[in-house]
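Report on the following structure.
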Amino acid sequence: MSQSQIQIFDTTLRDGEQVPGCKLNTDQKLIIAQQLEKLGVDVIEAGFPISSPGDFKSVKAISEIVKNATVCGLTRAVKKDIEMAAEALKKAKKPRIHTGIGTSPSHIKYKFNSNSEQIIDRAFEAVKYAKSFVEDVEFYAEDAGRTENEYLAKVCEAAIKAGATVLNIPDTTGYCLPNEYGAKIKYLMENVTGIEKAILSCHCHNDLGLATANSIEGVINGARQIECTINGIGERAGNTALEEVVMILKQHPYLNLTTNIQPKEIYKTSQLVSHHMGVYTQPNKAIVGSNAFAHSSGIHQDGVIKNRETYEIIDPKEIGVTESAIVLTARSGRAALAYRAKKVGYELTKLQLDDVYATFLNFADKKKEVKDDDIHQIIETSNVYQQIISA
Ligand code: KIV
Ligand code: ZN
């Protein structure tokens with residue numbers, strides 16, 4: 001079975017930046033865009049050019065410096081939006097306009113005070129207009145997650161007829177279950193006339209914690225692009241996390257789905273985005289959290305010290321983290337203490353370790369975590385200190 005390439009569309013600088021208080025200036029966006037290129041993303045959604053002069057400036061500046069990735073600008077299905085995006089993307093080597101409209105009953109009725117036929121016309125006209133500026137036009141059917149499949153298929157057909165190269169199927173409210181989202185993609189693959197002229201894209205939000213699972217179901221069922229953000233940041237509960245989908249595909253090679261991402265750049269990119277956006281990453285965040293490769297219970301530590309793979313499915317070096325952390329707490333065992341003591345310069349015999357371990361436990365009961373400095377203090381106050389240093 002031949003491998004299929006999944007395009008990684010990074011929207012950290014657009015959907016990700018919609019997190020309250022995370023506004024980035026143009027310089028910060030340029031720094032992140034350059035790192036996204038090193039990471040190997042296929043598409044950088046640089047912003048929503050009509051939304052503010054600052055965003056227009058950022059999309060323009062990113063278009064000028066990005067060498068390999070496609071640079072994309074978001075628009076509504078509105079002529080002025082599309083003109084502004086085309087202008088901002090003028091210098092991009094590979095420009096893409098991302099235009100679209102809400103398709104669910106509530107969007108049609110309350111947001112647009114419209115009807116389903118008029119929405120199809122607007123979708124067609126928006127894509128056609130965007131095509132007059134650029135070849136690569138992505139269409140999004142906002143709230144596709146809550147749009148009836150039969151109607152969604154008709155909207156997609158209209159977008160393809162107008163020339164769309166990518167059809168984005170957003171689960172805007174994070175509502176779908178993985179099997180429902182997968183079935184939606186399968187339905188579109190099987191029922192949209194002309195689907196071979198475009199690729200389907202997954203754009204999943206995390207309101208129920210299912211964004212990553214839904215995106216994976218989407219590509220298993222035929223989608224060929226995933227829209228995601230670094231650290232899963234984004235409005236409300238966020239978007240699909242890039243690092244999660246990339247490492248899932250890598251860890252499950254039998255799926256025969258690959259990406260162009262350089263995993264070694266993942267951790268660095270995560271730290272950079274967290275720093276510039278001022279958003280702290282939760283310690284237990286999959287792949288990039290500070291505890292993702294940390295082991296603190298005695299049983300786990302003993303296993304990891306003997307062979308890392310007993311409790312780790314990913315080698316931290318693969319994502320650019322130097323090594324697994326053996327964290328010393330009152331739950332740690334002798335193996336962990338000996339390992340960490342050796343790292344700070346003490347080679348303990350079995351008898352010495354028994355003695356130092358008793359001192360360690362008294363110390364650890366009073367502290368949440370025992371650090372390198374503490375290890376020196378513990379050994380210095382143990383009964384066997386003279387023996388250890390004169391060995
Ligand atoms: O979540 C969503 O529907 C979006 C679209 C604007 C693509 O972000
Ligand atoms: Zn979104």
Side-chain angles (χ1 to χ4, degrees), residues 7-20 22 41-52 55 59 70-78 81-82 84-85 96-108 110-112 119 122-123 126-127 130 136-147 151-152 155-156 159 164-176 180-181 184-185 188 198-215 218 223 225-242 244-245 277:
Q7 301 283 299
I8 295 294
F9 175 116
D10 182 276
T11 183
T12 305
L13 300 178
R14 199 278 297 170
D15 222 343
E17 206 223 15
Q18 289 176 208
V19 176
C22 287
V41 307
D42 302 285
V43 185
I44 297 174
E45 187 163 50
F48 183 8
I50 201 153
S51 67
S52 73
D55 229 33
V59 177
T70 293
V71 180
C72 178
L74 185 79
T75 82
R76 293 166 298 181
V78 171
D81 283 31
I82 295 168
M84 290 284 272
R96 176 183 294 180
I97 293 179
H98 188 191
T99 189
I101 194 160
T103 56
S104 66
S106 71
H107 277 235
I108 296 175
Y110 300 114
K111 205 166 133 180
F112 301 113
I119 292 293
R122 280 189 66 180
V127 173
D136 190 5
V137 175
E138 173 167 339
F139 171 76
Y140 65 85
E142 195 179 5
D143 206 11
R146 293 187 299 171
T147 302
Y151 175 62
L152 188 58
V155 181
C156 289
T165 45
V166 182
L167 300 170
N168 178 9
I169 311 300
D171 184 19
T172 306
T173 58
Y175 173 77
C176 288
E180 266 177 88
Y181 190 77
K184 192 175 279 292
I185 297 294
L188 297 174
I199 62 163
L200 289 174
S201 179
C202 310
H203 179 114
C204 298
H205 279 265
N206 205 31
D207 300 64
L208 292 172
L210 293 171
T212 294
N214 285 347
S215 299
Q225 179 176 277
I226 294 178
E227 308 196 1
C228 45
T229 61
I230 302 296
N231 302 333
I233 57 157
E235 212 161 305
R236 306 187 311 278
N239 290 61
T240 301
L242 178 148
E244 293 176 14
V245 287
M277 289 201 162

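Atoms within each ligand, like the ligands themselves, are counted from 1 in listed order.
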Requested in this report: Please answer whether the main-chain N or O of Cys176 pairs with a side-chain N or O of Asn214 as donor and acceptor at a distance below 3.5 Å.
Outcome: yes
**Report entry** Expected output: side-chain Thr70 to main-chain Val43 donor-acceptor under 3.5 Å
**Finding:** no
For ligand 1, run through the N/O pairs with the protein that fall under 3.5 Å and put one pair on each line.
unit_1	atom_1	unit_2	atom_2	d
ligand 1	1 (O)	His203	NE2	3.2
ligand 1	1 (O)	His205	NE2	3.0
ligand 1	3 (O)	Thr172	OG1	2.7
ligand 1	8 (O)	Arg14	NH1	3.4
ligand 1	8 (O)	Arg14	NH2	3.0
ligand 1	8 (O)	Asp15	OD2	3.1
ligand 1	8 (O)	His203	NE2	3.1

Query raised in the report: Tally of protein N/O/S atoms under 2.8 Å from the Zn ion (ligand 2)?
Result: 3
**Report entry** Cys72 SG to Ile97 CD1 distance, which is reported to the nearest 0.5 Å
**Finding:** 9.0 Å
Query raised in the report: If you measure only the distance, is there a donor-acceptor pair under 3.5 Å linking the side chains of Ser215 and Thr240?
Result: yes
Query - Distance-only polar pair, side chains of Glu227 and Asn239, donor-acceptor under 3.5 Å - result: no
**Report entry** Distance-only side-chain donor-acceptor flag, Thr75 / Asp81, under 3.5 Å
**Finding:** no
Query raised in the report: When the ring centroid of Tyr140 is compared with that of His98, is the distance short of 6.0 Å?
Result: yes
Query - Short N-O contact, Lys111 and Glu142, less than 4.0 angstrom - result: yes
Requested in this report: Verify the distance criterion only: is there a donor paired with an acceptor across the side chains of Gln225 and Gln7 at less than 3.5 Å?
Outcome: no
